[in-house]
Amino acid sequence: MIETLEVSRLRGYEYSINLNRVKDQKILDIISNDPRVERLDLINGYINIRIKEDVLLESTAKLEILNKRVSIEYPSVNPNKPWHIGHLRNALIGESMYRILKQRYNQVYRIDYIDDLGLQVAQSFWYFRKFGLTSEHPRFDHAIGMDYVKANQMFQEHEHEIREVLREMEENNIAREFVDRVLGDQLKTAQLYGIGTDIRVYESNIKLDLFNQGIQELKRNGYVEYVDSGDLKGTYVTKFNRKVIIRSDGTATYLGKDIVFQLWKAGFLSGLKFVEQDGVKISNTNGSIYNLNSDIIINVIGIEQSQHQQEIKELMNNMLPNKEYHHLAYQRVRLREGHFSGRKGNWLGYTADDLYNEGYERMNNKELSLAAIKFYILRHNPKTEVVFDWDKALNTQGGSGVYLLYTYVRMLSIERNASVEPKPKSLDDDDRELMKFYLHYRASMDKAIKYLDPSVVAELSLKLAEEFNSYYSKHRISNNPTKLFVLKRLKDLYEHLLYLLTIPTVTSI
RNA sequence: GGGCCUGUAGCUCAGUUUGGAUAGAGCGACGGCCUUCUAAGCCGUAGGUCGUGGGUUCAAAUCCCACCAGGCCCGCCA
């Protein structure tokens, strides 16, 4: 009962209900008879509930675990460039969301999709084969990214040739080694930022082991049909919303390839084979069959693909009404002068690695640099556009990742200086305010999961840090058994929150 | 033409889904606080037509309608 109510903003109370919302008098009886309730007060038309101290002291960060298989796909960066800040946003939202989801579902899998048969890779591979590496950078992904800008300028003139390369890639997978070399470097950035994956799927393997059988299956089940007249003559379209998935020349559209993959995630199609390497399942035609069978499918993809995602969602809901399909849409990170464009190459100087290096230079510390960047990105609601600003991204003062770590280190320091054993006696209102964060945590996690939004957790962490710093300046903690106990509990929760935000901790600053 | 997202303090953002207590933070400005657990901190002051106009309601930043501004999407591209 109590769990469903909102956590009160008033000091000393844990929950509050607006009297006007109480439609049924029985609710009042139930609340006042709840053994966990210590006291009810009526103030300004609100029922304020104070719960018993031991209930507060015993609250934990453990949520009810649901038995569902969840997959979340991110960051799926094209393997022909280094990660820029926009890719980093995708990866951080994905990784944080993954960690949050794991608190609620018993099986959560991270998927990274590698588009090794895309036009972008074809352009880069064509250029590389023709001219070799023409940009200088110690990292292959960076150099290739710079070369891509040049390759793109030549695209129109050499389109026929490049499309021919793409066909060769599709037939003989000739770019795989090139792609893996770029990917290997991209993964260094991923590792730097603590971004992980469980399942890596290459488009070439989908093409090889899943696509044709998948399309046959869809035809057999009547989900797609051949068009024999009109504008779309010669294509195969989805029966449900008449979107082209096979062109009249027999090749697959983006939607066609995508839908097959999403259906694989849901367990509707089978055939992908995997080998395991360092705990990661990697698609490989010589491996063994594995099916994910997700109940809930989440894709972290830019908001500009909303319409495309909506089409897939409708199709999935239509075919598999028992599965959930979600598009976690995020706005782009952009520069003052405009959006990132691989074509123009204005991501130069704004790669995820550049960002880290600049942070390291300013703070001379790996964790502080990472914390600043991660918090800056994650505290924005995914739907809001982030206009990139060096000083804001690498802020070391209030409302920053550095502030969060500083607060954490302060907690550790007080614990180190403790002169008594932590043991709770009676809590004053300030102690209760801190213990209440366990209740706030539950509410925030519900919200973060419901709306697929890690910024909820970022805001909670910041509020906790602010509340604690205020508490710290007001009370002497290290010689007070109750306050040391509260500190310990709060620190446990805080550590957990930082973990959810992918922010690594430090022990001193 | 159709659809989606955004608009809250000088700046960057919470709060909008579930209408309700004086609309909250940070940065920047100004003023305080280090012989006491980390001052990358804390406390205080100034700063608001919640894009605009209607509507619903006892009550609207929040719900409904229209409009304005910025961004994005509507292909046998990906």
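Quick note on labels: first sequence line is chain A, next is B, and so on, each numbered from 1.
- No engagement by A:Asn480 is indicated, since no non-hydrogen atom pair under 4.0 Å with the nucleic acid exists.
- If you take atom P in B:C64 and the same atom in B:A69, they sit 22 Å apart, rounded to whole Å.
- A salt bridge links A:Glu168 with A:Arg129: the distance from a Lys NZ or Arg NE/NH1/NH2 to an Asp or Glu carboxylate oxygen falls below 4.0 Å.
- Residue A:Ser473 is classed as a sugar-phosphate contact, given heavy-atom separations below 4.0 Å to backbone atoms only.
- In this structure, B:C37 shows a glycosidic angle more than 90 degrees from zero, which is the anti conformation.
- If you take atom P in B:U8 and the same atom in B:G70, they sit 15 Å apart, rounded to whole Å.
- Side-chain nitrogen and oxygen atoms of A:Lys313 include none within less than 4.0 Å of the OP1 or OP2 phosphate oxygen of B:C4.
- The existence of a salt bridge linking A:Arg163 and A:Glu159 is confirmed by a sub-4.0 Å separation between a basic side-chain nitrogen and an acidic carboxylate oxygen.
- Remark: A:Arg89 fails to qualify as a cation-pi partner of A:Tyr330 under the 6.0 Å distance and 45° angle criteria applied to the six-membered ring.
- A:Asn18 comes within contact range of at least one nucleobase, with a heavy-atom separation under 4.0 Å.
- Of the side-chain N and O atoms in A:Lys447, one or more sit less than 4.0 angstrom from OP1 or OP2 of B:U16.
- Taking side-chain N and O atoms only, A:Tyr403 has a distance below 4.0 Å to OP1 or OP2 of B:C42.
- The pair A:Asp431-A:Lys483 meets the salt-bridge criterion, with a side-chain N (NZ, NE, NH1 or NH2) lying under 4.0 Å from an Asp/Glu carboxylate O.
- Looking at residues two or more places apart in sequence or on another chain, you find a side chain to side chain donor-acceptor pair (under 3.5 Å) between A:Lys436 and A:Glu433.
- When heavy atoms are screened at a 4.0 angstrom cut-off, A:His475 is found touching base atoms of the nucleic acid.
- Note on A:Lys463 versus A:Glu459: no salt bridge recorded, every NZ/NE/NH1/NH2 to OD/OE distance being 4.0 Å or above.
- When heavy atoms are screened at a 4.0 angstrom cut-off, A:Glu415 is found touching no nucleic acid atom at all.
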Pair pattern of RNA chain B in dot-bracket, where unpaired bases get dots and | marks partners in another strand, Watson-Crick or G-U under 3.5 angstrom: (((((((..((((......[...)))).(((((.......))))).....(((((..]....))))))))))))....

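- Phosphate contact (OP1/OP2 of B:A40, side-chain N/O of A:Ser400, threshold under 4.0 Å): absent.
- Contacts of A:Ile245 with the nucleic acid, taken as non-hydrogen atoms under 4.0 Å apart, are absent.
- A:Thr407 comes within 4.0 angstrom of no nucleic acid atom, judged by non-hydrogen atoms across all strands.
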Might you work through the side-chain hydrogen bond (donor to acceptor under 3.5 Å, both in side chains) test for A:Asn152 and A:Gln123, ending with a clear yes or no? CA-CA 7 Å; A:Asn152 204 286; A:Gln123 289 177 66; 3.2 Å; yes

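- Side chain A:Asn365 to base B:A40: no donor-acceptor pair is found below 3.5 Å.
- Between the side chains of A:Tyr325 and A:Gln309, at least one donor N or O sits under 3.5 Å from an acceptor N or O.
- Relative orientation of the A:Phe128 and A:Phe178 rings is tilted, given thresholds of 30° and 60° on the angle between their planes.
- The environment of NZ in A:Lys313 is crowded: more than 12 heavy-atom neighbours from other residues, nucleotides or ligands sit within 6.0 Å.
- The separation between A:Asn364 atom CG and B:A40 atom C1' is 14 Å, rounded to whole Å.
- Between A:Arg379 and B:U12, a side-chain N or O to OP1/OP2 separation shorter than 4.0 Å is absent.
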When you check every protein heavy atom under 4.0 Å of nucleotides 70-78 of chain B, what one-letter string (B, S, -) results, 5' to 3'? -SSBS-BSB

